Every structure is written in C-alpha cells, then in structure tokens.
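First the structure, in the form of structure tokens, and then the observations on it.
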Amino acid sequence: MLRIWGRQPLKGQVKISGAKNSALVIMAGALLCPDDCRIRNVPSLVDVSRMGEILAALGVTIQRQGDTLEVNASHIGQSKAPYELVSQLRASFFVIGPLLARLGVARVPLPGGCAIGARPVDLHVRGLQAMGADVQIEHGTVHAYIKGNKQRLQGAKIYLDCPSVGATETLMMAATLAEGETIIENAAQEPEVVDLANFCRAMGAKIRGAGTNTITISGVPRLHSTDYSIIPDRIEAGTFLVAGAITHSEISLAPVIPEHLTAVIAKLHTIGAEVITEAPNRVRLVPGQHHRATDIKTMPFPGFPTDMQAQFMALLTLSEGNSVISETVFENRLRHVAELNRMGADITVKGNIAIIRGVPMLSGAPVVATDLRASAALVLAGLAAEGITTIQGLQHLDRGYENLEGKLQGLGAKLCRVESESEPASQPTTESPETANSTASKS
Ligand code: UD1
C-alpha cells in the first residue's frame with residue numbers, strides 16, 4: 001500500500017523516464033532483427049520485465065545494464081508465446097507481427113479483456129490476413145502462418161476501422177519484412193508509433209509517413225543491428241504536470257518533448273495553470289491561484305490522451321465549476337470515479353461521461369487502484385487531500401511508473417509504502433531533489 005500525507009507543497013525538478021509504451025513495442029520489434037540490438041532509456045517497470053520474460057521464452061537473449069537492454073534475436077527457438085506471461089501483459093500480443101514476419105508462423109494467446117475494456121485484436125488479425133496470413137483462433141490462441149508456398153508476407157493496402165495504436169504497430173512491424181509495399185490508412189499517429197518507426201528505420205526498414213494517418217512501408221528482406229534510444233514518457237510527464245497543478249506547486253520536468261504534450265498543456269492553460277518551455281527538452285509548470293473547470297474528450301493523438309484522463313479528473317475535482325469528461329477511446333475507463341468520490345469528490349457518471357462538480361477540498365481516505373492510470377489519479381488526489389490517503393493495488397502503479405514515489409519524495413511529497421493499514425502513521429522524512437533525481441536515474 002502507498003500511504004500519502006497530503007497537502008505538502010512540491011518544489012524542484014524531476015527526471016522523466018523513457019516511454020513505457022515505446023519500450024514495450026520496441027522490445028517486440030527487436031524480434032525482427034537477426035543481429036544485436038541495443039535499446040537505451042528503457043524504464044525499469046514490471047511490464048518491461050514481463051516483456052523481457054516473453055522474449056526470453058521465445059529463445060531471445062536479453063540482458064539489462066542500467067537503462068540499456070541488449071537484445072539478440074538471432075535464434076528464435078519458439079513460435080508460441082507462453083499464455084501465463086501474455087495473460088499478464090496485453091502489449092505482449094504485439095510479438096505476433098514480428099514473429100510471423102521472421103518465422104512465417106506465430107502462435108500467441110489472446111490477451112483477453114482488461115480492467116478498462118474488452119480491447120479486441122480484430123484489427124491486428126484482419127491486417128495480417130490482408131498481408132497473406134492464414135489466421136485461426138483456436139482454444140484461446142491466435143495461430144497465424146504465411147499461406148501457400150510463400151516465404152514472406154505480402155504487401156497490402158489496409159484501412160483500419162479506427163486508428164488503433166496496437167494494430168498500427170503490429171502491421172507496421174510485420175510489413176517491414178514483407179514482399180512489396182504496405183499502406184496503412186487511418187493509422188494511429190501517437191508518438192510511440194513514430195518511435196517504433198524510427199527504431200525500425202534504424203534497423204534498415206523503409207517506412208514513410210509515421211506520425212500521419214497514412215504509413216507506407218516498403219518491405220526489405222532483412223534488418224540489421226542498431227543502437228536506439230527511446231523517447232521520454234509523455235504520460236509520466238503529463239502526470240507530473242498535474243501533480244504540480246493539483247498541489248499548486250512550481251516544478252520543472254526534463255527530458256520531455258513538449259510537442260508530445262500539446263493537448264495536455266492546452267488543457268492546463270484553459271484551467272488557469274501555465275506551462276513554460278524553459279529549454280527544448282524542459283518545461284516548468286506554474287500553477288494558477290485558482291483553477292477553473294473545463295470539458296475534456298479523450299481522442300487518438302493529437303487529441304487529449306485517454307492515458308491522462310484519470311489524472312485530469314483528479315485535478316478537476318478541485319477546480320471551480322462543473323467539468324465534463326467524455327471517454328471515447330475505451331468503454332470502461334471511469335472506475336476511479338467511485339474512489340475519488342470516497343475522497344470527497346463530487347462526480348456522477350452517465351455511460352462514458354463523467355460530470356465533475358468542483359469541491360473546495362478532498363479528504364484523505366483508504367482507496368483501491370483499479371488500473372494503471374487510475375492509480376496515478378489516486379496518488380495525485382492523495383497529494384492534494386487533507387489528511388492521510390492509503391492506496392491499495394500498487395501492482396498497477398508498478399506496471400507503468402518508474403520509481404514514482406522516489407520522484408515525488410524528491411519534490412517534497414510525503415509518502416511511503418506500508419504493508420498494512422495498521423502500520424504506524426509516522427511521516428517519512430523528505431529527500432532532497434538531488435537525491436531523488438539520482439535515485440530515479442539509478443533505478
Ligand atoms: C495503446 C496503449 C495504451 C493507450 C491506447 C490508446 C500500449 C502498450 N498501450 O493501447 O496505453 O491507452 O493505446 O492510446 O501502447 N480496438 C479494436 N480492435 C483492435 C484494436 C483496438 O476494436 O484490433 C479498439 C480498442 O478496444 C479501443 C480502441 O480501439 O477501444 C483503441 O485501442 P488501441 O489504440 O489499439 O490501444 P492499445 O494499442 O491496446
């Protein structure tokens with residue numbers, strides 16, 4: 001459990017880690033390459049370790065040195081990803097594209113539903129079929145192999161019904177080694193898709209248009225070794241910007257790519273906070289005296305990210321006036337509402353719409369995290385609430401935030417992990433920002 005003593009002002013700088021969603025898909029992408037790949041700026045997260053275990057189970061050699069992964073997929077001994085691991089990590093389904101492209105066959109268990117929605121993989125499957133794969137789903141596993149006597153997947157024109165991040169990534173990876181040209185229309189434009197495209201290009205893939213809604217891939221017979229550094233995590237950065245706003249504190253973040261944060265920064269401006277670009281890769285949050293309500297609709301990039309919806313909701317509970325949040329990307333991503341209400345928020349839900357009436361104060365309470373970003377929202381609410389908040393369900397937080405409590409402690413927050421609710425409630429001492437930064441970079 002995480003225990004937070006609320007209403008401590010924050011101050012200082014925080015180091016932003018490499019992007020979780022880039023790291024996971026780029027690790028899967030390393031399967032495309034028969035030579036050594038070095039991937040830098042990889043965050044230390046439970047999800048990253050699980051993806052490493054999946055690659056190892058497929059026969060890949062993978063070693064971690066600090067924030068760098070050395071991956072060698074010269075010999076892939078297995079075409080079947082193990083169910084016990086895939087069931088714990090949806091992103092592991094992304095190995096299907098590279099496995100099929102490299103081996104001509106892939107067997108990956110369906111990732112199943114998850115807390116935020118059903119999350120089907122039909123777009124991944126239909127795209128692979130268009131590229132000449134026979135795909136059958138039997139006993140909960142997707143069996144895919146290249147049809148006929150062809151050695152390689154075949155380039156195809158694929159239109160995605162919705163700009164799915166995962167489907168775009170699966171099909172882009174599969175197309176790098178296909179015969180001929182693949183065009184993905186209505187492709188996702190998220191920065192992590194661009195990061196994956198850049199990684200594949202660094203291995204010799206021919207990809208144009210990543211970051212727009214049409215991506216064109218000219219297949220090549222083989223990719224080669226590379227040394228690649230992952231972009232900073234825009235969702236971690238956004239979470240820290242909200243931490244500054246909700247505690248009315250001035251904090252700086254680096255490294256960041258401000259263009260990846262445009263929608264989040266625009267909403268912070270609307271509610272009355274300022275985000276100043278101090279250097280090309282550094283921003284500073286200057287909170288407003290009073291924050292105002294605003295309406296938010298989650299959308300694919302460059303729209304407002306669904307992965308920041310819960311954190312912004314925590315902020316809007318304390319903003320003056322009524323806000324409306326519409327979650328349009330996932331069908332069940334408002335489960336944090338009940339927990340925020342336990343802390344004194346005034347939120348009602350109608351379908352996928354949350355109506356938030358700003359309150360002057362939240363009060364600390366025992367709460368349960370239901371998914372990754374929901375747990376971040378509860379941490380943020382706990383930082384702003386009067387009294388003590390205890391958050392259960394930290395396994396979600398550890399999946400996606402590198403050393404969140406160390407980084408917050410470095411900014412002056414008072415929080416620590418406890419084994420149980422009954423542990424003595426003495427406040428931890430605060431680390432200096434310097435200590436926190438070095439803790440963050442070591443982990
Ligand atoms: C990725 C991110 C996740 C983020 C999401 C949306 C990773 C590891 N995860 O998830 O953090 O919240 O993008 O920005 O990168 N869909 C289908 N059929 C499919 C695929 C998707 O109907 O075959 C639907 C999903 O159910 C969802 C919507 O499309 O409603 C968007 O999902 P998608 O963009 O694919 O998200 P993920 O790649 O799973």
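In this text the structure is predicted, and so the values were computed from the model without any measurement. In each ligand, atom 1 is the first atom listed, and ligand 1 is the first ligand listed.
Surrounding CD of Gln65 are at most 12 heavy atoms belonging to other residues, nucleotides or ligands under 6.0 Å away.
Using a non-hydrogen distance threshold of 4.0 Å, Glu192 does not register as a contact of ligand 1.
No salt bridge links Glu181 with Lys157; every basic N to acidic carboxylate O contact stays at or beyond 4.0 Å.
Every N/O-N/O distance between Thr306 and ligand 1 stays at or above 3.5 Å. Ligand 1 has an N or O atom lying under 3.5 Å from an N or O atom of Asp122, backbone or side chain. Considering backbone and side-chain atoms together, Pro120 places an N or O closer than 3.5 Å to an N or O of ligand 1. Ligand 1 has a nitrogen or oxygen under 3.5 angstrom from a nitrogen or oxygen of Leu123. Between Pro163 and ligand 1, not a single N/O pair is under 3.5 Å apart.
Contact atoms of ligand 1 toward Val165: 1 (C), 13 (O), 14 (O), 33 (P), 34 (O), 35 (O), 38 (O) (distance under 4.0 Å to a heavy atom of the residue). Listed by atom number, the atoms of ligand 1 under 4.0 Å from His124 heavy atoms are 23 (O). Shown in contact with Arg333 at under 4.0 Å from a heavy atom are these atoms of ligand 1, numbered in order with element: 12 (O). Listed by atom number, the atoms of ligand 1 under 4.0 Å from Arg90 heavy atoms are 39 (O). The ligand atoms of ligand 1 that sit less than 4.0 angstrom from a heavy atom of Gly166 are 35 (O), 38 (O).
Ranked by closest heavy atom to atom 35 (O) of ligand 1, the top entry among Ala188, Gly303, Ser164 is Ser164. Scanning Cys162, Gly400, Gly127, Pro300 for the heavy atom closest to atom 24 (C) of ligand 1 points to Cys162.
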With side-chain hydrogen bond (donor to acceptor under 3.5 Å, both in side chains) as the test, would you mind laying out the steps for Asp233 and Tyr401 before giving the verdict? CA-CA 10 Å; Asp233 196 309; Tyr401 286 92; over 6 Å; no
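With a heavy-atom cut-off of 4.0 Å, Pro305 does not touch ligand 1 at all. With a heavy-atom cut-off of 4.0 Å, Ala167 does not touch ligand 1 at all. Counting heavy atoms under 4.0 Å from ligand 1, residue Val329 touches it through both backbone and side chain.
For the side chain to side chain donor-acceptor pair (under 3.5 Å) criterion with Arg333, the lone passing option out of Asp307, Thr328, Thr298 is Asp307.
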